[in-house]
Every structure is written in C-alpha cells, then in structure tokens.
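Every chain is numbered from 1, with letters handed out A, B, ... down the list of sequences. Keep in mind the model is a prediction, meaning the values are calculated, not measured.
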Number of protein chains: 2
Amino acid sequence: MSKSGQPTINDVAAEAGVSRATASRALSNYGRIAEETVERVRAAAERIGYRPNQVAQAMRAGRTKTIGLVIIADFTNAFFDRVTKAVVDTAKREGYQVLISNTDEDIEVERQAIENLLEKKVDGLIVTPATVATHDHLSERALRGTPVVLIDRRLDSVRLSSVTTDDFSGAEQAVRHAASLGHSRFGFLIAVPGIKGFTEDRPALMISPIEDRVNGFAHGAIESGVKPKQQTWLFCEDNPLSSQAAVAALLDRPKAPTVIFTSNNDMLLAVLKVAGNRRLRIGTDISVMTVDDSEWAAAMVPGITVVARPVEDVGRIAVENLVAQISDPSTKREKFVLPTELLARESVANLKLRPELDPSSQTKYRDQE
Amino acid sequence: MSKSGQPTINDVAAEAGVSRATASRALSNYGRIAEETVERVRAAAERIGYRPNQVAQAMRAGRTKTIGLVIIADFTNAFFDRVTKAVVDTAKREGYQVLISNTDEDIEVERQAIENLLEKKVDGLIVTPATVATHDHLSERALRGTPVVLIDRRLDSVRLSSVTTDDFSGAEQAVRHAASLGHSRFGFLIAVPGIKGFTEDRPALMISPIEDRVNGFAHGAIESGVKPKQQTWLFCEDNPLSSQAAVAALLDRPKAPTVIFTSNNDMLLAVLKVAGNRRLRIGTDISVMTVDDSEWAAAMVPGITVVARPVEDVGRIAVENLVAQISDPSTKREKFVLPTELLARESVANLKLRPELDPSSQTKYRDQE
DNA sequence: AAGATTTGCGAGAACGTTCTCGCAATTCTC
DNA sequence: GAGAATTGCGAGAACGTTCTCGCAAATCTT
C-alpha cells in the first residue's frame, strides 16, 4: 500500500503473485505476456480496487495528457462558457483533461497562470491573451517547446497557431444589412477594455476582435455609401454605468441614430435598458444589433439581430490543432479565421417597408398607424 | 537536462556548483542553508531558466495542489460559468488549480470523469451530481479518502459536505410576492431533466433543487391561501420546443394564469417567446418570475423579477470547505444552505394598484386606460 | 584550549510507474 | 533429439523531486 492508503501496482503484483513488471505489462497491454496471466492480474487489480496513478505515469512518460486553458471570464457574451465547454468536451474526446485559469483581463495574472500551468507540465496551452501589447511570456523561449494555440485574439507578431472569427466581415455585413433596410443614421457603441467612461476618439490600441469590428463597421459604412456625418462613434468602458451613459448620449444627439451597432452584449444590454426606460420600442422606435448570439437574444421579442460567431468551433478547432502539435511538434502553425453569420431577427426595423418609422424621412407619417 | 530539454534541479545544482539536495533546499526554502548559497542557487536557476516540475513534486509529496470540478454545462442559468469562475478564483487564492469536467447530465460520464480525476490524483473534488438516484461512485470506498463537496444538489443518503441554495424558501417567497400583488391564478412551469414533452403529473424523482422549488411553490401557495384550482402545474422537458408548447398550453387554459413561475431561465425564455408572439406584454398582460438572476433579466425592460441565488458563494464556500477537508481530514462534513433573495422588478404586475389588468376581477376595466 | 554544539552540505532513498535487458523454460526446426 | 528460436517473466533503472541521515567544518562553551 502507498502512504495514502491507495493500492499501487506493487499491491496488484503481490495479489496476483507476479512481479511488478508483469503486472504493469498485464494492465497496460504491451510486451510479451501470457493471456492467462493478464486475466489473473486484471482480476487481482479489480479485487483490491487498483487505480493507476496518473501522476507517476506522467512522471515516467514525460507527458500529462492535460492541457491548460487560460481564458477571460466573460459572462454576457457567453464566450467563456461556450468555449470552455467546447474545449473540455473536445479534449475529452482526444484523451485530454483541461486545467482552467481565469485571468480577468489582467496581463500579470495571465503571466502567472501560464507559468503555473507550465510547471504543472501541461502538454499544451490554449490562451486568450489579455492584451495585444506585451507577450514575452508567449515567446519561444518562455514556452520551451510547449505548444500553444491562441483563441479569440490575434497576436500578429508571434508565430503561434490561432483561432479567431472573421469579425471584420461580420461587422461589415451588419452595417450593410441595416443599410439595405433603409437606415441612414448609424450609431456605433464599442466596448474597449482599459478605457475610462466613454469618448468619441478612437483609442490607439485595441484587442484584435474589437479592432476588427471597428474596421468592419467603418468599411461596411463606406461600402454602403454612408457618410461620416451619418455616423456616430462612441468608445466605452465595459460596465453598466458608462455604457448606459454612452447610450443616453447617443440618443440625445440632435439627429439620433436610427440603428445602434454594439460590439458586445454588455453594450447591447445598455441599449435595451436605456431604450426601455425611455419607452423606446426596440425594432420600432430604435433599431439595434450586436455581435454574439445567445439564447436570450433569440428568445426576446423582438428577437435581437446578431452577428453570430461559431464559438464552439473556436474551442474545438483550437484543441484539435493543439493536439496535432502535441503529437507531432513539426505540425504547421496555422491562423484559423472562422466565418461569422448574420442572424436577421426583428430588432432592426425595415424602414423601406415602414418608412413612417424613419424620423429622417421628410414626410411625417407619424401617428398614422 | 531532462529528456524534454527542460532544465532540472540537477542542472541548477551543476550551474551553481552545489549538490542537488542543496539546490532543492535553496529553492524551496527549508532546512539549514547559508544565505550566500541561496543567492547563488537562485541566480543559477534564473540564469538557466529553471522551472520546478510540479509533477515530480506531486509524486514526492503525494498531493497535486489540484482539485477537480465535475459540473453540468448549463448556459442560460449561468450556473456553470458563474460557479466555475468562483471555484477557479477561490482555488487560486488557496493555492490550487482546477481540473474541469462536464457531464452533460449523464451519470455514466460523471462516473468516468470522477474516476479519471481520482487517477489524476486530485486532492479533492467538487461535484454537481447528475442524478439523485444512484451514487455508488460517491461512496466512501470509491473515493478512498479523497474529500468531496457536492454543489447545487443534495444527496441526503450520503455523508458528504454540500453547498446548496435555499430553493424552497426562494420559491415560497416568490409565490407570496405575487399573491401580495393581487395575483390569484398561478401557473407553474417546472423543467425536469429526463422527462419527455410536458405533463401535469408530478414526476416521482426530481433532483433536489427542482424538488425544493416545487415544494416551495406549493407551500407558498398554501400560505397565501391559494386554492388548488387556482394553480396549474406543468412539468416539462428542458428544451425550447417542449417548453414553448407547455407555455402555449398554459395560456390556452380557460382561466389562464395571471402569473407564471418558471423553475429556470430556459422556461422563462419560453414564456418570453410565446408571450411575445401573442403580443402579450410582460408585466402587463402576463406576469412572470423565475429562479436565477442574470444581467439579461436585469437589463430587459420590463426587468424580470427573480429569485436570485448566491451562485458565486456556492463556488467559494465549496472550495473553502474542500480545502479545509484536504488540510485536515477530520474536518466536519457540513451541509451549507445559502439564502436566496427576491429581486422585485417589473415583470410581475401589481394588480392591486392596477386592477384593470386583472382578468379575474368581476368588473371589466379593460381598454379603459 | 579542548570538548560540545551548531552549521552547511552531500549521499542516497523514496514516491509509482514503465521499459530495457537478460535469463530460464518452452516450443520449433530438420 | 539436439541446437535454434521463441515465450514469459523478474531484476533494476529511470523520470525529478524532497528529505533523512551522517559527516566535516565552524562556532560556541567554560
């Protein structure tokens, strides 16, 4: 018996009347061994309730069959939970377990978490980098051969695999959708980690998915012939107070937007809240759309039009690529960019079919309904 | 150097010109050692980029500083993600990492997951048991001394610590709240895992939080003087199709409920969806309240009245009790039941202030507004 | 100043596996 | 039926730590 009272393979061997080596052979199915002995050892193991010690196996084999997931807990967008589930499930299918760390968007915590996971000798890492600025902890030399796959955020300057979504196209498509429905005044509400309050000035440094969304929105506007003066941009701290203030500012404009694009669900919720308080009906008095689908967005009436990201695929592909790298270190590093999808629901009014809803149209149809 | 190319403590010792034992003493701060030597060894470790191998440490020490979390991925109620974050964060503070497994409510998967975590030699387990029926895999003998804390679901027949919420009182309070606002026809929509479609017959076996909610609702009705004929109960499979059909059935009753209590957010979303499709305004034409708060429920207009559960506390207390058991196996097993809180928002109409909304009142105030 | 104590460090074992190597017993070959 | 090949198994090392033990050198006692 071991110190902890758990039976070891030595106990199995003793119980079966064979040597430790033979017991190991019998249980792990390798080498030359008589079928009859295998049966006897298996029975002995069963009898004494033997459980292989994976720590000792890891020690011997030099691999732990464990991967580390370093991610940012983020509830409203359901990225954290959906990706975590996808990673855990895919990892299980591939024979791996998942050690999870939450960084809360703090680069120092991230550094520490990665260090700790490397000490735990994970076979690979999946990381959502907190910032796009520094990443020496993700350098070749810091990782010393441990494979890493980045998710959700690109780090262009680093030669690692990454799995992201095509947020540029998604955002572009969103603007085109609203434009095709006759909208002409566009509000953009962009959540930016690290900012204070809200501002019209575009921050210099944004994490890649936000950067992409901003560029995509802007490009979609150009493609749809939307003039700059038809656009209002607000970059906002990611919390209820700031975002609601920003929404109020947006709605208080002399020429308020007819449609508001939000960069994540926190901002969407702010729009819902403020609009509701002002008795503005979503999809009628004010239109809104956002990035990231959810069961809530789908079940609300009116349903919220969203750019859906294949979050489960992000997790799955990250694990698959990581496992490939683990099995064969010469596996090519790849930068996956998964397609997004516009789910048109009812939160964006069709001003072409209902021009009376368009405050920017000359003729006043109001109250006619 | 080790096989994997990573420097070991032997390399540190060589670099510093001391023995392995001394290097270990210097780095782990124990035993008798000269301050000057400590500095030299630390410098050497730094220079060659030494990282302690926690697998080897675990092997030697007989503990991994890792706990296992076995939980059911469940998005709309945000139990999975909130509890996971709380567990991970608390564990980190206590010096532990978290291995996570998802069971998808499948008892066989749960059994396998626990087995695997035990083989990984986790120091303790936090488990949301999939079913209340069988639990031999959680018996003393299966666990062999590994401490376990149950969360969200009680297993009365087993002597393990558990952390749950007072769902009985929460549900009771919910009914009283609606009754105090003048409601007189109550619909109860209860999600039951494992059922097909929906039925009025109360299932024999339900997981403890659902059992508690049902009993709490029922008791609250009695306390508020609500007669059985004023109550409609529907037990429903947890998916959009069944639940929406159930809501429709509820609303199609000759005397439809004025308020619907749902046992989780999936059921709430079904109510939102069906009510919306029928142009029934929440908090006006139909009232609704549910268990579990969320940012969505709070941001919607009208805000959804909920019984909030202290989910973060569940995760935190579970870890704290688990760590106590790990440090001292004689720690008493405890069954924590955390208080719930009613958050009154606008989704339950006040029929006393606005009797015209009450279809059950004799005088017809309708359309008067 | 000589014995007693303290200090600093190295040798070696142990944790629970897996796997190489070698050896005896069995089976095959012609 | 004797040598060759094969089969089955045990001894022992290795993975990277920590920690006990013992020993020499340094420091303390009176």
Side-chain angles (χ1 to χ4, degrees), chain A residues 1-42 44-45 48-66 118-123 144, chain B residues 1-42 44-45 48-66 118-123 144:
Chain A
M1 285 282 172
S2 74
K3 273 193 302 198
S4 61
Q6 312 251 6
T8 74
I9 201 164
N10 278 313
D11 303 314
V12 176
E15 174 81 14
V18 295
S19 74
R20 185 165 24 107
T22 302
S24 181
R25 268 187 286 252
L27 296 175
S28 304
N29 237 47
Y30 71 91
R32 292 187 304 229
I33 188 165
E35 189 53 41
E36 189 263 343
T37 314
V38 172
E39 284 313 315
R40 195 148 41 91
V41 172
R42 287 224 181 112
I48 67 175
Y50 169 71
R51 251 196 288 260
N53 182 331
Q54 288 196 34
V55 173
Q57 292 180 329
M59 176 91 198
R60 178 91 236 278
R63 50 128 198 80
T64 53
K65 283 285 170 185
T66 304
L118 290 174
E119 290 184 1
K120 281 247 158 81
K121 298 292 162 195
V122 294
D123 297 337
R144 258 186 226 277
Chain B
M1 287 281 172
S2 74
K3 272 193 301 197
S4 60
Q6 311 251 5
T8 75
I9 201 164
N10 277 313
D11 303 314
V12 176
E15 173 80 14
V18 296
S19 75
R20 183 166 25 109
T22 301
S24 180
R25 267 187 287 253
L27 296 175
S28 303
N29 236 47
Y30 72 92
R32 292 188 304 231
I33 188 164
E35 188 54 40
E36 189 262 341
T37 314
V38 172
E39 284 313 315
R40 197 148 41 90
V41 172
R42 286 223 182 113
I48 67 175
Y50 169 72
R51 252 195 288 261
N53 182 331
Q54 288 197 33
V55 172
Q57 291 181 329
M59 176 94 200
R60 176 96 234 279
R63 51 128 197 78
T64 53
K65 283 286 173 183
T66 304
L118 291 174
E119 290 184 0
K120 281 249 158 81
K121 298 293 163 193
V122 293
D123 297 338
R144 258 186 226 276

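Counting to the nearest Å, the P atom of dG8(D) and the CD atom of Glu39(A) are 14 Å from each other. Regarding Arg40(A), its CZ atom lies at a distance of 11 Å from the C1' atom of dC9(D), rounded to whole Å. In this structure, Glu119(A) atom CD and dG16(D) atom C1' are separated by 13 Å, rounded to whole Å. The nearest whole Å value for the distance from the NZ atom in Lys121(A) to the P atom in dT17(D) is 8 Å. Atom CE in Met59(A) sits roughly 9 Å away from atom C1' in dC15(C) (whole-Å rounding). Atom CZ of Arg63(B) is separated from atom P of dC15(C) by 17 Å (rounded to the nearest Å). As rounded to whole Å, 13 Å separates atom C1' of dT17(D) from atom CG of Asp11(B).
Each end of the helix from dA1(C)-dT30(D) to dC30(C)-dG1(D) gets its own rotation axis from five pairs of C1' atoms, and the angle between them is 30° to the nearest 10 degrees.
Atom OH of Tyr50(A) and atom CZ of Arg42(A) lie 13.0 Å apart (nearest 0.5 Å). How far OG1 of Thr64(A) is from NZ of Lys120(B): 6.5 Å, rounded to the nearest 0.5 Å.
Nearest-nucleotide assignment on DNA chain C puts the 5′-proximal partner with Ala23(B), out of Ala56(B) and Ala23(B).
Applying the salt bridge (charged side-chain N to carboxylate O under 4.0 Å, His left out) test to residues at least two apart or on different chains, the pairs with a partner in residues 49-59 of chain A are Arg51(A)-Glu115(B). Applying the salt bridge (charged side-chain N to carboxylate O under 4.0 Å, His left out) definition to pairs two or more places apart or across chains, those involving residues 14-34 of chain A are Glu15(A)-Arg47(A).
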Please enumerate all protein N or O atoms sitting under 3.5 Å from an N or O of nucleotides 26-28 of chain C, with distances to 0.1 Å.
none

Distances under 3.5 Å only, N/O to N/O: pair up the protein atoms with those of nucleotides 18-20 of chain D.
unit_1  : atom_1 : unit_2   : atom_2 : d
dT18(D) : OP1    : Ser28(B) : OG     : 3.2
dT18(D) : OP1    : Gln57(B) : NE2    : 3.1
dT18(D) : OP2    : Ser24(B) : OG     : 2.5
dT18(D) : O4'    : Arg60(B) : NH1    : 3.3
dT18(D) : O2     : Arg60(B) : NE     : 3.3
dT18(D) : O2     : Arg60(B) : NH1    : 2.4
dT18(D) : O4     : Arg20(B) : NH1    : 3.0
dC19(D) : O4'    : Arg60(B) : NH1    : 3.0

Could you go over nucleotides 6-8 of chain C and give all protein N or O partners under 3.5 Å, atom names and distances?
unit_1 : atom_1 : unit_2   : atom_2 : d
dG8(C) : N7     : Arg32(B) : NE     : 3.1
dG8(C) : O6     : Arg32(B) : NH2    : 2.9

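When all heavy atoms of Val18(B) and Ala23(B) are compared, the closest pair comes out as CG2-N, 4.0 Å. Residues Asp11(A) and Gln6(A) approach most closely at OD2-O, 4.2 Å, considering heavy atoms. Residues Pro7(B) and Gly49(B) come closest through the heavy atom pair CG-O, 3.6 Å. Contact between Thr22(B) and Thr37(B) at its shortest, heavy atoms only, is CG2-CG2, 3.8 Å.
Residues passing the side chain to side chain contact (heavy atoms under 4.5 Å, CB included) test with Ala56(A), sequence neighbours excluded: Asn53(A), Met59(B). For Glu36(A), the side chain to side chain contact (heavy atoms under 4.5 Å, CB included) partners two or more places apart in sequence, or in a different chain, are Arg40(A). Residues satisfying the side chain to side chain contact (heavy atoms under 4.5 Å, CB included) test with Ser24(A), not counting sequence neighbours, are Ile9(A), Ser28(A), Tyr30(A). With sequence neighbours left out, the side chain to side chain contact (heavy atoms under 4.5 Å, CB included) criterion links Gln57(A) to Pro52(A), Gln54(A).
Using a 4.0 Å cut-off, no side-chain N or O of Thr8(B) falls inside it from OP1 or OP2 of dG16(D).
Here Val18(B) lies in heavy-atom contact (under 4.0 Å) with sugar-phosphate atoms only.
Using a distance-only test at 3.5 Å, with no hydrogens or angles considered, no donor-acceptor pair links the side chain of Arg144(B) to the main chain of Leu118(B).
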